[in-house]
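Comments concern the structure below.
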Amino acid sequence: MITSEPNSAAALAAEFGLRPIGLRPPIPLYLREIWARRHFVIELSRAREQSNNAESRLGRFWQILNPMLNVAVYFLIFGVLLNGARATHFYISWLIIGVFIFTYTQNSILDGAKSISSNLGIVRALSFPRALLPISVVVQEFLTLGSSLIVCVVAVVVQTRQPPHWSWLLVVPAVFLQSFFGLGLALIFARITERVRDVAQLLPFALRTWMYLSGIMIDFTHYSKHTHAIRLLMEFNPGAVFPQLVRAALLPGFRVSGTVWASGLGWAVVSSIFGFVYFWRAEARYGRG
């Protein structure tokens, strides 16, 4: 009887889908566990989105006010002092779209990077797929983006004085691709930051530099003799690709080539797949450092 007990326990564990704590599940099982908890992710994201700035008088309005204040500063510096408003049609709408769309990726990376390290109590106490934490961050930022897109649409309508166009529907696939791209980076930096906390302090500077190099505030093609090289950079720089796709969808007369769409698709696929696998490989180590 003594020798048969381990075999009986193993059989029962297999029958009821139990596995030893601290082991990394295979990817198919890991994906099923994430999908089974999808409602938890949505509710967690909603709760966090509603609680942000809840203690301030303006509350959730700060989610819109913060980027709009940035837009005002960028307009003064790049639009007025550097004449960016003269060089770019519908510059105010162009700038608002760029800032809001890039902010979506930026916040997904920044908050996703801290999603494991700032929730170690939950990670150590409960058994669940750790990827749920960075995923919930991206879903939360996606919910916030809804209000941002309304601001973008209002700005476009007011400045261009043109009615809605069918091309506006292209915002949906553009944001869909951007979400997967941001999720991939959130997963990557969540694993890195869980081990090296200093990365969370360096990320804001790196992301700010990336924003300046992505043509968010100014169209580089009007200020450089190397127009062809600049266009290639904008077509393959993901920080520029997704704002360009949304600008092309909303702004009349603003077009992008099929290369930009292909670049957005490529970045979304590569980032999400690599980020998921990279994060999953360290699943058994989270919370043990």
Side-chain angles (χ1 to χ4, degrees), residues 22-49 101-124 126-145 174-207 210-211 237-239 241-242 263-289:
L23 294 185
R24 182 182 65 202
I27 287 182
L29 176 59
Y30 195 64
L31 288 171
R32 288 199 298 270
E33 291 180 346
I34 292 174
W35 179 252
R37 293 168 173 81
R38 62 191 182 277
H39 300 296
F40 166 76
V41 170
I42 294 174
E43 292 304 320
L44 177 62
S45 303
R46 286 177 176 172
R48 287 178 173 174
E49 195 264 341
I101 296 302
F102 189 89
T103 299
Y104 175 36
T105 297
Q106 177 179 263
N107 289 346
S108 295
I109 297 171
L110 287 174
D111 295 340
K114 297 180 289 186
S115 60
I116 300 295
S117 58
S118 62
N119 291 284
L120 288 179
I122 298 176
V123 171
R124 290 168 177 168
L126 303 176
S127 177
F128 63 95
R130 306 320 191 202
L132 291 177
L133 294 176
I135 289 174
S136 67
V137 166
V138 177
V139 173
Q140 173 190 339
E141 295 302 329
F142 177 80
L143 296 175
T144 302
L145 181 65
V175 170
F176 179 80
L177 294 177
Q178 183 186 9
S179 300
F180 276 90
F181 171 72
L183 175 59
L185 292 185
L187 289 166
I188 291 170
F189 284 104
R191 172 177 171 177
I192 294 174
T193 304
E194 195 270 338
R195 288 294 173 181
V196 185
R197 305 296 171 81
D198 294 337
V199 172
Q201 304 300 323
L202 297 174
L203 268 178
F205 300 99
L207 290 170
W210 186 23
M211 180 176 65
N237 172 6
V241 165
F242 298 109
S263 178
L265 175 61
W267 279 113
V269 171
V270 172
S271 174
S272 57
I273 293 178
F274 176 81
F276 178 80
V277 174
Y278 179 74
F279 183 91
W280 164 79
R281 288 178 63 86
E283 176 73 11
R285 299 205 306 263
Y286 296 128
R288 295 192 173 189

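Quick caveat, the model's predicted, so the values are computed rather than measured. Basis for what follows: all heavy atoms, side chains included, without hydrogens, waters or symmetry-related copies.
Between the CG atom in Leu183 and the OG atom in Ser272 there is a gap of 7.0 Å [rounded to 0.5 Å]. If you take CG on Leu203 and CD1 on Ile192, they are separated by 8.5 Å, rounding to the nearest 0.5 Å. The distance from the CZ atom of Arg285 to the CD atom of Glu194 is 8.0 Å, given to the nearest 0.5 Å. Note: Phe142 CZ to Phe176 CZ = 9.5 Å, rounded to the nearest 0.5 Å. Rounded to the nearest 0.5 angstrom, Arg24 CZ and Trp280 CH2 are separated by 4.0 Å. With rounding to the nearest 0.5 Å, the separation of OG in Ser117 from CZ in Arg191 is 14.5 Å.
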Residues Phe279, Tyr30; criterion ring-ring contact (aromatic ring centres under 6.0 Å, His included); working and verdict: CA-CA 12 Å; Phe279 183 91; Tyr30 195 64; 7.3 Å; no

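Relative to the ring axis of Phe40, Arg38 does not place its NZ or CZ within 45° and under 6.0 Å from the centre. Figure legend: cation-pi geometry between Arg37 and Phe128 absent, as NZ or CZ is not positioned both under 6.0 Å from the six-membered ring centre and within 45° of its axis.
Using a 4.5 Å cut-off on side-chain heavy atoms (C-beta onward), Ile116 and Thr193 make no contact. Between Ser45 and Val41, some side-chain heavy-atom pair lies under the 4.5 Å cut-off. Leu177 is not listed as a side-chain neighbour of Val269, based on a closest heavy-atom distance of 4.5 Å or more. Taking the side chain as every heavy atom from C-beta outward, Val123 and Leu133 approach each other to under 4.5 Å. Between Leu110 and Pro204 the shortest side-chain heavy-atom distance falls below 4.5 Å. Between Phe274 and Leu187, every side-chain heavy-atom pair lies at or beyond the 4.5 Å cut-off. Put simply, the side chain of Trp210 reaches to within 4.5 Å of the side chain of Pro238, judged on heavy atoms. When side chains are defined from C-beta on, Tyr286 does not count as touching Asn119, because their heavy atoms never get closer than 4.5 Å.
Closest heavy-atom contact between Val241 and Ser263: CG2-OG, 3.6 Å. When all heavy atoms of Ile34 and Pro129 are compared, the pair lying nearest together is CG1-CB, 3.8 Å. When every heavy atom of Ala186 is checked against every heavy atom of Ser108, the shortest pair comes out as CB-O, 3.5 Å. Residues Met211 and Phe102 come closest through the heavy atom pair CB-CE2, 3.4 Å.
Judged by distance alone, the side chain of Glu283 and the main-chain N or O of Arg130 form a donor-acceptor pair under 3.5 Å.
Checked by atom type, the side-chain pair Ser179/Tyr104 shows a donor-acceptor distance below 3.5 Å.
Of the options Asn107, Thr105, Asp111, a side chain to side chain contact (heavy atoms under 4.5 Å, CB included) to Ile109 is made by Thr105 and by none of the others.
The pair Glu43-Arg46 meets the salt-bridge criterion, with a side-chain N (NZ, NE, NH1 or NH2) lying under 4.0 Å from an Asp/Glu carboxylate O.
Annotation for Phe180: atom CZ does not count as buried by contact number, only 12 or fewer foreign heavy atoms lying within 6.0 Å.
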